[in-house]
Structures are given as structure tokens and as C-alpha cells.
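Take a look at the structure below.
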Protein chains: 2
Amino acid sequence: MTKEEIFEKKPLIKLNNKIFTCPTSAAMELIGGKWKSVILSHLMGEKKRYNELRKETPMISERTLSIQLKQLESDGLIKRKAYTKKPPLRVEYCLTPFGETLVPLLKTIINWGVEAAQEKGEFIIE
Amino acid sequence: MTKEEIFEKKPLIKLNNKIFTCPTSAAMELIGGKWKSVILSHLMGEKKRYNELRKETPMISERTLSIQLKQLESDGLIKRKAYTKKPPLRVEYCLTPFGETLVPLLKTIINWGVEAAQEKGEFIIE
DNA sequence: CGGTATCCTCATAGATACTG
DNA sequence: CAGTATCTATGAGGATACCG
């Protein structure tokens with residue numbers, strides 16, 4: 001189906017075995033939730049090791065980071081690559097080509113987040 | 001603080017009395033969750049009565065729709081206007097100027113949702 | 001018409017400890 | 001190093017009934 005047909009006919013969308021009635025809710029299934037877009041934004045343009053991600057997202061618990069990474073991987077947005085089989089392990093995460101299609105959206109989110117903070121929030125210099 | 005300074009100094013962001021370490025998570029505080037962006041996308045460009053919104057988002061329960069509308073209102077993204085005081089009530093919702101700043105982001109989400117559905121999902125014609 | 005109130009379930013997320 | 005296991009807490013969301 002072409003984009004034009006989709007906007008015109010508004011079909012139901014089946015994704016991850018769930019039914020969505022609009023593209024917005026289908027998108028939120030993949031990148032919604034509290035942390036997914038945060039993790040994805042850290043992988044924009046560069047691969048990261050697990051520990052790098054962990055240090056850059058200190059407010060995400062280890063367990064949650066692990067679960068979200070698995071979901072992002074099974075949704076085809078990121079790729080996990082293990083370089084070693086025995087400890088010390090070396091695992092890197094990066095965006096898949098499908099995940100790369102998110103980059104403009106992620107940038108838009110970041111930019112709007114800055115504007116929202118300027119409008120409604122305050123900044124705290126550490 | 002200017003955008004450039006924010007990107008450079010990465011300050012903490014205080015919003016709704018919570019602390020965020022990046023603009024992405026601050027943005028998700030306001031438009032994340034399962035339904036907020038869906039509701040906002042239905043208000044793009046036009047005001048809607050409560051019942052119109054309800055019919056256009058049949059998968060959102062009444063209770064949830066009500067709660068989300070209140071949150072969006074208290075976050076300054078939408079405006080509620082009551083035209084009558086006694087039943088039959090007439091209430092309309094529309095984006096505030098701050099909410100309007102979300103339109104480009106909402107359009108990007110919708111577009112990416114369509115692409116994701118084309119890539120990973122399937123369409124069901126009713 | 002435009003909601004609330006009540007009660008409920010389940011997914012999401014956190015803390016801490018442990019492991020190949 | 002890169003995770004799991006376990007246990008717990010929170011809150012998002014649903015069903016149904018009711019209200020001004």
C-alpha cells in the first residue's frame with residue numbers, strides 16, 4: 001500500500017501481533033515507553049558498548065536497560081553484536097537500517113524537548 | 001539559556017517537578033505514554049468536542065481519555081473550553097500555542113508510523 | 001453531554017544480589 | 001564485562017456504574 005492510500009483509507013495496522021487504528025499508536029508501540037527513544041538517541045550515529053550506554057543513561061536501572069535493549073532488538077531497531085564468547089565480554093549495539101530511519105524523528109524529539117524545557121521547565125547547571 | 005548552550009553544557013532539566021538528564025526524556029514526560037500523542041494528533045489543526053474525540057479514538061477507554069485530557073491540559077498542551085454550564089454540556093478541546101509547536105513532531109511521528117507499518121506490519125482493510 | 005467513582009489487572013520500572 | 005534473578009512498587013489502563 002502506498003502512503004497516499006494509507007492516509008486515505010485509514011486501514012487497521014497489525015504490528016507485533018497487535019492491532020492499531022492509527023499510525024501514531026503503531027509508532028508509539030515501537031518507540032514509546034519511558035526509555036526507548038532515550039536509548040535510541042544515544043545510538044544515533046555511533047555504536048556503543050553496553051557499559052557506555054549504561055554510563056550515559058544512569059537513570060535507567062540495569063534490569064530495565066537490558067529489557068529495553070532486547071525489545072528494541074526484537075523489533076528490528078537495533079542490532080546486538082558480540083565480539084567475544086568468554087569474559088571479559090564485548091558487546092556493541094548499533095541502529096539497524098530500519099532504526100536509522102528514526103534519526104529524523106529522534107532529532108525532532110530532542111529539539112522539541114529543548115524547546116519544552118525552555119518554555120515550561122528550568123535548567124540546573126551541575 | 002540558548003539552544004547551543006543547552007546542547008553544549010547538557011544541564012539537568014526540571015519539569016513538572018521531576019529531574020531529567022536529557023531533552024529526550026523531558027519530551028517523553030509530556031508526550032510519551034500510550035495515548036497522549038494520539039490525542040494530540042487528533043487535535044492538529046482543529047478543535048474537537050469531547051464526543052468527537054471519543055468516537056475517533058474508540059480504543060481509548062473513557063476513563064483514560066478523561067485522565068489524559070486533564071494531564072495534557074495541566075501541561076499546557078491543550079485548552080479546554082466549556083460553552084454551557086448546564087446539560088447538555090458543550091466542551092471543546094484545542095491545542096494551545098505551546099501545543100501547536102508540537103505539530104511538526106506529530107507529523108513526523110505519523111509519517112514514521114506509516115513507514116514502520118509498511119516495513120514491519122501489515123494493513124487490514126475493513 | 002461530558003464527564004467521575006470505584007474497583008480491578010497487568011505492564012513497566014526500580015533495588016539489590018548474583019553469574020558465565 | 002555484560003548481563004540475569006528475584007522481589008517489590010508504582011501507575012497506566014480497563015470495566016462498569018453513576019452523576020450534574
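The sequence lines fix the lettering, A, B, ..., with proteins before strands; numbering per chain opens at 1.
- Note that NZ of B:K36 is 6.0 Å distant from CD of B:E29, once rounded to the nearest 0.5 Å.
- For the pair A:I67 CD1 and C:dT12 P, the interatomic distance rounds to 9 Å; values are reported in whole Å.
- Ring-plane geometry between A:W112 and B:F98 is classed as parallel, the angle between the planes falling under 30 degrees on a 0 to 90 degree scale with a further cut at 60.
- Of the two residues contacting DNA chain D, namely A:R63 and A:E92, the nearest-nucleotide position lying further toward the 5' end is that of A:E92.
- Within the nucleic acid shown, B:R54 has no heavy atom closer than 4.0 Å to any nucleic acid atom.
- For A:T64 and C:dG14, the shortest distance from a side-chain N or O to OP1 or OP2 is below 4.0 Å.
- Close to D:dG3, at under 4.0 Å from its OP1 or OP2, lies a side-chain N or O of A:Y93.
- Residue A:E62 contributes atom CD, which lies 20 Å from atom P of C:dT12 at whole-angstrom precision.
- The side chain of B:R80 approaches C:dG3 more closely than any other nucleotide in the set D:dG13, C:dG14, C:dG3.
- Rounded to a whole Å, the CE atom of B:M59 is 16 Å from the C1' atom of D:dA12.
- Taking the side chain as every heavy atom from C-beta outward, A:F123 and B:I13 approach each other to under 4.5 Å.
- For B:S66, counting side-chain heavy atoms from C-beta on, the closest listed nucleotide (D:dA2, C:dA13, C:dT4) is C:dT4.
- Of the candidate nucleotides C:dG14, C:dC1, C:dG20, C:dG20 has the atom lying nearest to any side-chain atom of A:L89.
- At a threshold of 4.5 Å between non-hydrogen side-chain atoms, the residues A:I6 and B:Q118 count as touching.
- Per the geometry, CG belonging to A:L65 stands 14 Å off C1' belonging to C:dT12, to the nearest Å.
- In this structure, B:K120 and A:D75 have side chains that are not in contact, with every pair of non-hydrogen atoms separated by 4.5 Å or more.
- We find that NZ of A:K85 is positioned 17 Å from P of D:dA2, with the value rounded to whole Å.
- Taking atom CG of A:N16 as the reference point, atom P of C:dA11 lies 15 Å away to the nearest angstrom.
- Residue B:Q68 has no polar side-chain atom (N or O) positioned under 4.0 Å from OP1 or OP2 of D:dA12.
- If you check D:dG3, C:dG3, D:dA12 against the side chain of B:Q71, the one that comes closest is D:dA12.
- At whole-Å resolution of the value, CG in B:L69 and C1' in C:dC1 are 14 Å apart.
- What separates NZ of A:K70 from P of C:dT12 is a distance of 16 Å, to the nearest Å.
- Here B:K34 lies in heavy-atom contact (under 4.0 Å) with sugar-phosphate atoms only.
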